[in-house]
Amino acid sequence: MPVEHSGHQGGPCGKRVGEEGWRLGWSVPGMARREEQAEGDNHLSLAGNERRPALVASLGTLGLWLQQDMADSAQAQKLVYLVTGGCGFLGEHVVRMLLQQEPRLRELRIFDLHLGPWLEELKTGPVQVTAIQGDVTQAHEVAAAVAGAHVVIHTAGLVDVFGKASPETIHEVNVQGTKNVIEACVQTGTQFLVYTSSMEVVGPNIKGHPFYRGNEDTPYEAVHRHPYPSSKARAEQLVLEANGRKVRGGLPLVTCALRPTGIYGEGHQIMRDIYYQGLRLGGRLFRAIPASVEHGRVYVGNVAWMHVLVARELQQRPALMGGQVYFCYDKSPYKSYEDFNMEFLGPCGLRLVGTRPLLPYWLLMLLAALNALLQWLLRPLLLYAPLLNPYTLAMANTTFTVSTNKAQRHFGYEPLFSWEESRTRTIRWMQAMDSSAQ
Ligand SMILES: NC(=O)C1=CN([C@@H]2O[C@H](COP(=O)(O)OP(=O)(O)OC[C@H]3O[C@@H](n4cnc5c(N)ncnc54)[C@H](O)[C@@H]3O)[C@@H](O)[C@H]2O)C=CC1
Ligand SMILES: C[C@@H](CO)CCC[C@@H](C)[C@H]1CC[C@H]2[C@@H]3[C@H](O)CC4=CC(=O)CC[C@]4(C)[C@H]3CC[C@]12C
């Protein structure tokens, strides 16, 4: 059951499909919309040298379209966005989604501790892409990156529930890093800040209370001891409290926070780890959690889309959206953590053994505690960070699901990807990942 994070072995996935990496084929259903729009633009641009006000006025309806077009162009390609953590799992999807779905973008700044080589391919497009290698814990680096940006999407964070980093480091990156982002906005005059929070700021709590299909207003006793949820909760609070502060130039800062549930999709490291764990176990995984325990999941493309939309609409509806929190949701089915993963791992040849947990819960807890002890004992020699520890077991074993339409009501969010698309894309990525590694 307990396993270390994986090394790679070839698996059944790769034997079926030989594809290039998922990055090469990245596109979204909404692209059709942008293409239609582009076609429309081309159509209008046939009259390109006739775009003078007098003639426009005499052409009746067409003139009105042209005027609108001119107004749109004046608005177009004006904005500078900064995405912190833009090279992470979610950050990369946000970056690509912005490039495809935000026509007003002039410059996109991508700030990350580690820059990915894939950024190079983005630099050939019409939007200026600026890669900034930097650390959110360094206030001066953040301020330099934020200066002149209209919108900041702050996704950078230390996501660690496995004990790889110290509590102090998690706090430094997630809390101090967020403080630095807020102060940079205030000092340099950036007015819009979107923060990637987490469902974990709510729960599951340490008492294991279920949160069953709850929404942003559902009462829940949020009690945190683990450094990751504590840090995310504190950072979210700081972001929301900063809403309304005056930024340089006198305008109010407008902030909001998005709370994804467990994100899945192309690039998801934990899914990768579980896949290789299954391969090492001869193509089997052993059920540890009852199928009745629901765990909320959301597709990364939809989370990215929500970031793009919220950033756009925050500028239009600051009074409604400023200081608000929104769960990230889509049409992914409610299932247990393990059953949900099987939606992707199954088509890759893995099998989940058992209709009920194979081990009693007390034994799992014992194994989890043993892992925690081993981690502590081995720490001077090596990093032992298995998936199973008392915290992750409690997470997987506590119902936490969301049912809300707040994002739809406040800013017209509808998922861009259906469940079928999200599933297919994730399976394709797993298959491509495996075949490219063989
Ligand atoms: N993965 C998930 O299921 C969920 C993630 N989130 C949140 O979404 C955000 C992104 O998470 P993931 O993409 O999953 O994680 P990730 O680890 O793939 O991405 C985080 C990015 O932040 C960067 N980063 C870390 N420390 C930094 C620092 N000091 N300075 C600058 N950049 C730094 C990393 O290099 C990485 O590229 C995080 O804020 C996380 O708390 C929220 C809910 C669920
Ligand atoms: C007990 C094991 C038997 O199969 C499985 C252990 C699974 C855990 C590693 C995961 C279960 C729940 C996950 C977390 C959850 O989806 C919410 C999260 C939100 C975040 O903001 C970051 C990631 C995570 C903490 C996620 C991490 C992995 C699990 C604990």
Side-chain angles (χ1 to χ4, degrees), residues 1-3 5 83-95 110-116 132-138 141-142 145 153-162 164-165 169-170 172-174 176-178 180-181 195-204 226 228-229 231-233 235-236 257-265 267-271 273-274 277-278 285-289 293 295-298 300 303-304 307 327-328 336-342 352 357-359 361 364-365 367-368 371 385-398 400:
M1 186 77 46
V3 285
H5 289 223
V83 180
T84 71
C87 293
F89 164 47
L90 171 62
E92 177 174 351
H93 284 266
V94 172
V95 161
I110 299 160
F111 181 96
D112 204 299
L113 206 49
H114 309 287
L115 296 178
I132 307 167
Q133 199 265 322
D135 185 342
V136 288
T137 68
Q138 302 303 312
E141 293 183 10
V142 179
I153 300 181
H154 177 40
T155 79
L158 194 44
V159 184
D160 181 19
V161 291
F162 305 109
K164 293 180 187 172
T169 309
I170 294 174
E172 187 65 11
V173 175
N174 293 352
Q176 187 57 46
T178 302
N180 292 343
V181 170
Y195 174 61
T196 314
S197 181
S198 167
M199 70 181 238
E200 291 231 7
V201 307
V202 180
H226 194 278
Y228 174 73
S231 67
K232 293 298 286 184
E236 183 191 272
L258 294 181
R259 294 172 172 171
T261 53
I263 308 175
Y264 69 93
H268 189 206
Q269 182 61 43
I270 298 175
M271 188 80 81
D273 290 342
I274 294 176
Q277 169 187 348
L285 289 164
F286 299 97
R287 188 184 292 278
I289 307 296
V293 177
H295 187 82
R297 304 293 282 271
V298 58
V300 67
V303 180
H307 280 71
F327 276 121
C328 296
S336 77
Y337 189 76
E338 292 169 320
D339 285 304
F340 190 87
N341 287 348
M342 287 315 292
L352 182 61
L358 294 185
L359 298 177
Y361 191 63
L364 271 178
M365 276 174 59
L367 285 172
N371 273 342
L387 284 182
L388 182 71
N389 64 44
Y391 181 75
T392 59
L393 179 59
M395 286 290 303
N397 199 47
T398 307
F400 196 102

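Order of appearance sets the numbers: ligands from 1, and atoms from 1 within every ligand.
Interface atoms of ligand 2 facing H295, defined by a heavy-atom separation under 4.0 Å, are 12 (C), 15 (C), 16 (O). Below 4.0 Å from some heavy atom of E338 lie the following atoms of ligand 2, by number and element: 3 (C), 4 (O). For ligand 2, the atoms closer than 4.0 angstrom to any heavy atom of V161 are 25 (C), 27 (C). Taking a cut-off of under 4.0 Å to the non-hydrogen atoms of G134, the atoms of ligand 1 that pass are 30 (N), 31 (C). Remark: ligand 1 atoms within the under-4.0 Å shell around heavy atoms of Y228 are 6 (N), 40 (C), 41 (O). Taking every heavy atom of S198 and a limit of under 4.0 angstrom, the matching atoms of ligand 2 come to 19 (C), 20 (C), 21 (O). Atoms of ligand 1 found under 4.0 Å from any heavy atom of S198 (numbered from 1 in listed order, with element): 42 (C), 43 (C). Those atoms of ligand 1 that come under 4.0 Å of a heavy atom in L90, given as number and element, are 8 (O), 13 (O). Remark: ligand 2 atoms within the under-4.0 Å shell around heavy atoms of G262 are 16 (O). The I270 neighbourhood of ligand 2 comprises atoms 27 (C), 28 (C), with distances under 4.0 Å to a heavy atom of that residue. Atoms of ligand 1 lying under 4.0 Å from at least one heavy atom of D135, given by number and element, are 28 (C), 29 (N), 30 (N). The ligand atoms of ligand 1 that sit less than 4.0 angstrom from a heavy atom of T196 are 7 (C), 8 (O), 9 (C), 39 (O). Close approach of ligand 1 to C87 is summarised as follows: ligand atoms under 4.0 Å from at least one heavy atom of the residue are 37 (O).
Nearest non-hydrogen protein atom to atom 19 (O) of ligand 1 is G88 CA, 3.4 Å. Given atom 18 (O) of ligand 1, the protein heavy atom at minimum distance is F89 N, 2.9 Å. Nearest to atom 4 (C) of ligand 1 among the protein's heavy atoms is I263 CD1, 3.6 Å. Of the protein's non-hydrogen atoms, the one nearest atom 38 (C) of ligand 1 is T155 O, 3.2 Å. For atom 15 (O) of ligand 1, the nearest protein heavy atom (residue, atom name, distance) is V159 CG2, 3.5 Å. The protein heavy-atom contact nearest to atom 27 (C) of ligand 1 is L113 CD2, 3.8 Å. Protein heavy atom in closest approach to atom 42 (C) of ligand 1: S197 O, 3.1 Å. Looking only at protein heavy atoms, the nearest one to atom 36 (C) of ligand 1 is D112 OD2, 3.6 Å.
Applying the 6.0 Å contact sphere to CE of M365 captures no more than 12 heavy atoms from other residues, nucleotides or ligands.
The N/O atoms of T261, backbone and side chain alike, include none that comes under 3.5 Å of an N/O atom in ligand 1. In terms of N/O distances under 3.5 Å, ligand 1 is approached by V136. The distance criterion of under 3.5 Å between nitrogen or oxygen atoms is not met by T137 with respect to ligand 1. Of the polar atoms of E200, none of the N or O atoms is found under 3.5 Å from an N or O of ligand 2, judged by distance alone. Note: no N/O pair closer than 3.5 Å links G91 and ligand 1 by distance alone.
In this structure, L258 CG and M199 CE are separated by 15.5 Å, a value rounded to the nearest 0.5 Å. Here the CD atom belonging to E338 is positioned 8.0 Å from the CD1 atom belonging to I274, to the nearest 0.5 angstrom. One finds the OH atom of Y195 at 7.5 Å from the CD atom of E236 (value rounded to the nearest 0.5 Å).
Put simply, the side chain of T398 never gets that close to the backbone of M395: no donor and acceptor are under 3.5 Å apart. Of the possible donor and acceptor atoms, none in the side chain of N397 sits under 3.5 Å from a partner among the backbone N and O of T392. Looking at E141, its side chain never comes within 3.5 Å of a backbone N or O of G134 through a donor-acceptor pair. For the pair K232 (side chain) and T196 (backbone), a donor-acceptor distance under 3.5 Å is present. Side chain of T155 to backbone of T84: a donor-acceptor contact under 3.5 angstrom is found. Judged by distance alone, the side chain of N174 and the main-chain N or O of S231 form no donor-acceptor pair under 3.5 Å. Of the possible polar contacts, none joining the E200 side chain to the Y228 backbone as a donor-acceptor pair under 3.5 Å is found. For S336 (side chain) and D339 (main-chain N/O), a donor-acceptor pair under 3.5 Å exists by modelled atom type. T169 contributes no side-chain N or O that, together with a main-chain N or O of A165, makes up a donor-acceptor pair within less than 3.5 Å. Under the 3.5 Å distance criterion, the side-chain polar atoms of E92 are left unmatched by any main-chain donor or acceptor of C87.
Contact annotation: for E200 versus ligand 1, there are no heavy atoms closer than 4.0 Å. Of the heavy atoms in T84, none comes closer than 4.0 Å to ligand 1. Contacts with ligand 1 closer than 4.0 Å are made by side-chain heavy atoms of V173 only, the backbone lying farther away. The proximity of L388 to ligand 2, defined as any non-hydrogen pair under 4.0 Å, is limited to the side chain. Neither the backbone nor the side chain of Y195 has any atom closer than 4.0 Å to an atom of ligand 1 (non-hydrogen atoms only).
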>> Walk me through whether L359 and R287 qualify under side-chain contact (heavy atoms from CB on, under 4.5 Å).
In response: CA-CA 8 Å; L359 298 177; R287 188 184 292 278; over 6 Å; no
>> Quick one, H154 with V136, criterion side-chain contact (heavy atoms from CB on, under 4.5 Å). Give me CA distance, side-chain angles, the key distance, then yes/no.
In response: CA-CA 10 Å; H154 177 40; V136 288; 4.2 Å; yes
>> Determine whether V300 and F89 satisfy the following criterion, side-chain contact (heavy atoms from CB on, under 4.5 Å), listing intermediate values before the conclusion.
In response: CA-CA 8 Å; V300 67; F89 164 47; 3.9 Å; yes
>> Is there a side-chain contact (heavy atoms from CB on, under 4.5 Å) between V142 and D135? Walk through the geometry before answering.
In response: CA-CA 7 Å; V142 179; D135 185 342; over 6 Å; no
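Between atom 25 (C) of ligand 1 and the options G267, G157, A156, the minimum heavy-atom separation is to G157. For atom 10 (C) of ligand 2, the choice among Y228, F162, Y337, F286 with the nearest heavy atom turns out to be Y337.
Under a 4.0 Å heavy-atom criterion, R297 is not in contact with ligand 2. Residue-ligand proximity: F400 is placed with every non-hydrogen atom at 4.0 Å or more from ligand 2.
Aromatic rings of F162 and Y391 (six-membered ring for Trp) have centroids beyond the 6.0 Å cut-off, not under it.
A donor-acceptor contact under 3.5 angstrom links the side chains of Q176 and N180, judged on distance only.
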